[in-house]
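Just so it is clear: chains get the letters A, B, ... in the order the sequence lines come, proteins before strands, and each one is counted from 1. These figures come from a predicted structure and were not determined experimentally.
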Amino acid sequence: MEKVLTDKVKEAIFSLYNYKVDEKQIQLQKTSKDFTGDITLVVFPFLRFSKKKPEETGEEIGNYLQENIKEISGFNTIKGFLNLEMDKKYWIESFRKMIEDPDFGIKKTGSENKTILVEFSSPNTNKPLHLGHIRNNLIGYSLSKIFEANGYVVKKVNIVNDRGIHICKSMLAWQKWGEGTTPEIAKKKGDKLVGDFYVRFEKEYKKQVQFLVENGADEDKAIMTAPLLKEAQAMLLKWEVGDKEVVDLWNRMNGWVYKGFDKTYEALGVSFDKIYYESDTYIKGKEIVLSALKNGVLFKKEDGSVWVDLSKEGLDEKILLRSDGTAVYMTQDLGTAYQRYDDYKFFRQIYVVGNEQNYHFQVLVLLLDKIGYKWAKDIYHLSYGMVELPEGKMKSREGTIVDADDLISEMIDTARDMSEELGKIDTYSEKQKEDIFRIIGLGALKYFILKVDPRKNMTFNPKESIDFNGNTGPFIQYTYARIKSVLRKAAEKNIKFQKKTDSCFEPNEKEIELIKILAGFPGVIRDAGIQMTTAMVANYCYELTKGFNQFYHDFSILNVDNDETRNFRLQLSEITGGIIEKSMGLLGIDVPERM
RNA sequence: GGUCCAGUAGCUCAGUCUGGAUAGAGCAACAGUCUUCUAAACUGUAGGUCCCAGGUUCGAAUCCUGGCUGGAUCACCA
């Protein structure tokens, strides 16, 4: 319709004022709800051609459009705004199209014939996942779904930072104070157990530093030379040369961590197509660096360390290999990127990584480009904002880290309390109930996070926790459950409704309003993909749900005499339920049949 | 200090890319609506210097410049 309108406006301007107007000047927007009309044309840009008042110009263009587009049933001009009213038949017709198209708004996966790689999660193996990781995972997973809905082939990939000094610290602490414990013996998730040893290391290390300082050592020196740190560094060296004992322990403890992570991923409902490990890719990274050094793209300092000079690009020098030849973070990321292009020949690669690493990705892209990989430009860093507490950043030292598993189970508990208080599902089995609590609890959590623009920082208040009323996941899920309930009742009463609509049928205002929102679905999916924002999808779900609830409140679906009306309303409900399910699905949120 | 990002109602956020009408939601507050398809809902009231100052424009929360405030980053950490 927009296309038709744009063309006709062009025609109108030419015919009325003899001027060929540029498409960019034709601004069409949804009519503000305080005015009558559906689509509004802003006429200000045309005043210089018409040389008339805004009202008069609007009137003239309006007349032309009404005469030449049969779907336009009327118009009004207020100030410089030409509000066009669409014929009800137009909306009935778009409704009919939605009913007939089961994939309405969703493109077939692969129809774009291009592969998008989405990297998300990227955990370190020395600590359990926390709220920040939850945001990362949810954004990555949802964006993958959104890209798929836009027709792309999507590969969800994870890179595990499984090597380095951090994991050695946990290993060392386990050796010293672990007394041979395992997740089974300690009855603890593996990631939590390993995390505990990391914390233990830091604690003992701090004690040592303090002891050294109290005995007259310089603090900076004490930090560098404390025996525990030396031991950890020695262990890292052993790992790098493949010392069997160290590598075995490394494998064992990382294994515990992965088992723990898998549980969290499963609880969150996220998954990956491929998992990369830093311990594999850093080798390729080193090769890349060494050959680029040979080609003169990089340079070596006297101490043997390898650097890239990005001062021409407005950045600094950046180290790529330490003087002892070992790899740094950037080295490994070069290898990972290369490996992935080799694996998938991606059209685009999206890194879902926090905005604290903006500099790192700026360097990565420049570096890949400098080395000569033409796909460097196809890398995009989706720099998402931090999750903060009301008093600022989460800090492990102050014990304010919000643990992922804890938060998830708290959300489910809240859902349980609330459901039991309302008592609507008392008759269901424990298994069914738990399933519903999980869907609702996670729905609340996911929606809370995904409705915020990924690029912005957001605040989470543990005291107030997450709401279940208003603009929330459960509100949308509730509406879905209501729709399902009505449809079940219709089936019980043996009411069959047909998947067609008589174009003579005249819907009421609320119904038209709902159809308009439904008609906006494909555009939302498209724009959410272009802008890479989950917030747009979440807001759409809310708008749609609100529209349906108003309709539901004001009109009865089943208890109407007129078969045609009932038929129409049942279809409207079913379509709405379907779109809610689809759009929530794009956020990775399930919807319950009842709640 | 350099670079980047943000600042919208008491609180949490839309809207900013692509300028458009009287800036929207939810929560919290207040007042209503359940013998009728699920009240986790619906309706209403109140709540604004869109951080500040300039500029561009017929028109600025939106674009540009400067400032203020907050955050991130500038490691032989990841």
So does [X] reach the base of [N] with its side chain, donor to acceptor, closer than 3.5 Å?
{"X": "A:N355", "N": "B:A6", "value": "no"}
{"X": "A:T40", "N": "B:A21", "value": "yes"}
{"X": "A:Q550", "N": "B:C42", "value": "no"}
{"X": "A:K484", "N": "B:U38", "value": "no"}

Discussion item. If you assign A:M386 and A:I440 each to the RNA chain B nucleotide with the nearest heavy atom, which residue ends up on the more 5' nucleotide?
Written reply: A:I440
Practice prompt. Please tell me which of A:K33 and A:V328 maps to the more 5' nucleotide of RNA chain B, matching each residue to the nucleotide holding its nearest heavy atom.
Written response: A:K33
Contact class for [X] (heavy atom, under 4.0 Å): base, sugar-phosphate, or nothing?
{"X": "A:Q357", "value": "base"}
{"X": "A:R594", "value": "base"}
{"X": "A:D453", "value": "sugar-phosphate"}
{"X": "A:F475", "value": "sugar-phosphate"}
{"X": "A:S323", "value": "base"}
{"X": "A:K24", "value": "nothing"}
{"X": "A:V452", "value": "sugar-phosphate"}
{"X": "A:Y359", "value": "sugar-phosphate"}
{"X": "A:Q332", "value": "nothing"}
{"X": "A:Y384", "value": "nothing"}
{"X": "A:Y542", "value": "sugar-phosphate"}
{"X": "A:D162", "value": "nothing"}
{"X": "A:Q27", "value": "base"}
{"X": "A:T479", "value": "nothing"}

Is [X] stacked on the base of [N], with ring centres under 5.5 Å apart and planes under 30° apart?
{"X": "A:F44", "N": "B:G20", "value": "yes"}
{"X": "A:F81", "N": "B:A21", "value": "yes"}
{"X": "A:F35", "N": "B:A21", "value": "yes"}

Phosphate-side-chain proximity, [X] and [N], N/O vs OP1/OP2 below 4.0 Å:
{"X": "A:R566", "N": "B:C37", "answer": "no"}
{"X": "A:N461", "N": "B:C11", "answer": "no"}
{"X": "A:K489", "N": "B:U38", "answer": "yes"}
{"X": "A:R455", "N": "B:C13", "answer": "no"}
{"X": "A:T459", "N": "B:C13", "answer": "yes"}
{"X": "A:R569", "N": "B:C37", "answer": "no"}

Worksheet item: Does the distance from a Lys or Arg side-chain N to an Asp or Glu carboxylate O, for A:E511 and A:R569, drop under 4.0 Å?
Response: yes
Worksheet item: Side-chain contact, heavy-atom cut-off 4.5 Å: A:F120 with A:I139?
Response: no
Discussion item. What I'd like to find out is whether the side chain of A:I557 reaches to under 4.5 Å of the side chain of A:L572, using heavy atoms alone.
Written reply: no
[X] [atom1] - [N] [atom2] separation (whole Å):
{"X": "A:I26", "N": "B:G20", "atom1": "CD1", "atom2": "P", "value": "17 Å"}
{"X": "A:Q29", "N": "B:A23", "atom1": "CD", "atom2": "C1'", "value": "14 Å"}
{"X": "A:Q477", "N": "B:A39", "atom1": "CD", "atom2": "P", "value": "17 Å"}
{"X": "A:M330", "N": "B:C74", "atom1": "CE", "atom2": "P", "value": "11 Å"}
{"X": "A:Y540", "N": "B:A25", "atom1": "OH", "atom2": "P", "value": "19 Å"}
{"X": "A:K456", "N": "B:C4", "atom1": "NZ", "atom2": "C1'", "value": "16 Å"}
{"X": "A:M536", "N": "B:U16", "atom1": "CE", "atom2": "P", "value": "7 Å"}
{"X": "A:L321", "N": "B:C77", "atom1": "CG", "atom2": "C1'", "value": "16 Å"}

Expressed as a whole number of Å, how far does the [atom1] atom of [N] sit from that of [M]?
{"N": "B:A78", "M": "B:C17", "atom1": "P", "value": "39 Å"}
{"N": "B:U16", "M": "B:G24", "atom1": "C1'", "value": "14 Å"}
{"N": "B:A60", "M": "B:C68", "atom1": "P", "value": "26 Å"}
{"N": "B:G55", "M": "B:C13", "atom1": "P", "value": "34 Å"}
{"N": "B:G15", "M": "B:G7", "atom1": "P", "value": "10 Å"}
{"N": "B:G26", "M": "B:U45", "atom1": "P", "value": "12 Å"}
{"N": "B:G47", "M": "B:U38", "atom1": "C1'", "value": "32 Å"}
{"N": "B:C58", "M": "B:C52", "atom1": "C1'", "value": "26 Å"}

If [N] has a Watson-Crick or G-U wobble mate with both distances under 3.5 Å, name it; if not, just say none.
{"N": "B:A6", "answer": "B:U69"}
{"N": "B:G44", "answer": "B:C30"}
{"N": "B:U38", "answer": "none"}
{"N": "B:C63", "answer": "B:G55"}
{"N": "B:A14", "answer": "none"}

Worksheet item: Considering only B:A78, B:C37, B:C74, which nucleotide approaches the side chain of A:D316 most closely?
Response: B:C74
Practice prompt. Can you figure out which of B:A78, B:C37, B:U22 approaches the side chain of A:N161 most closely?
Written response: B:A78
Discussion item. By the rule that syn is within 90° of 0, classify the base conformation of B:C11 as syn or anti.
Written reply: anti
Practice prompt. Would you mind listing every side chain to side chain donor-acceptor pair (under 3.5 Å) that reaches into residues 464-474 of chain A, with sequence neighbours excluded?
Written response: A:Y447-A:N471
Discussion item. For A:F49 and A:Y17, I'd like to know if the aromatic rings sit close, meaning centre-to-centre distance below 6.0 Å.
Written reply: no
Discussion item. Looking only at the aromatic ring of each residue, does the gap between the centers of A:Y540 and A:F521 stay below 6.0 angstrom?
Written reply: yes
Worksheet item: When you look at NZ of A:K301, are more than 12 heavy atoms from neighbouring residues, nucleotides or ligands closer to it than 6.0 Å?
Response: yes
Item to complete: Work out which heavy atom in A:Y198 is nearest to a heavy atom in A:K169; give both atom names and the distance.
Response: CE1-CD, 3.8 Å
Worksheet item: Between CD of A:Q332 and NZ of A:K286, what distance do you get to the nearest 0.5 Å?
Response: 12.5 Å
Enumerate, atom names and distances included, each donor-acceptor pair closer than 3.5 Å involving a side-chain atom of residues 528-538 of chain A, sequence neighbours excluded.
unit_1: A:T533; atom_1: OG1; unit_2: A:A535; atom_2: N; d: 3.1
unit_1: A:T534; atom_1: OG1; unit_2: A:L450; atom_2: O; d: 2.8

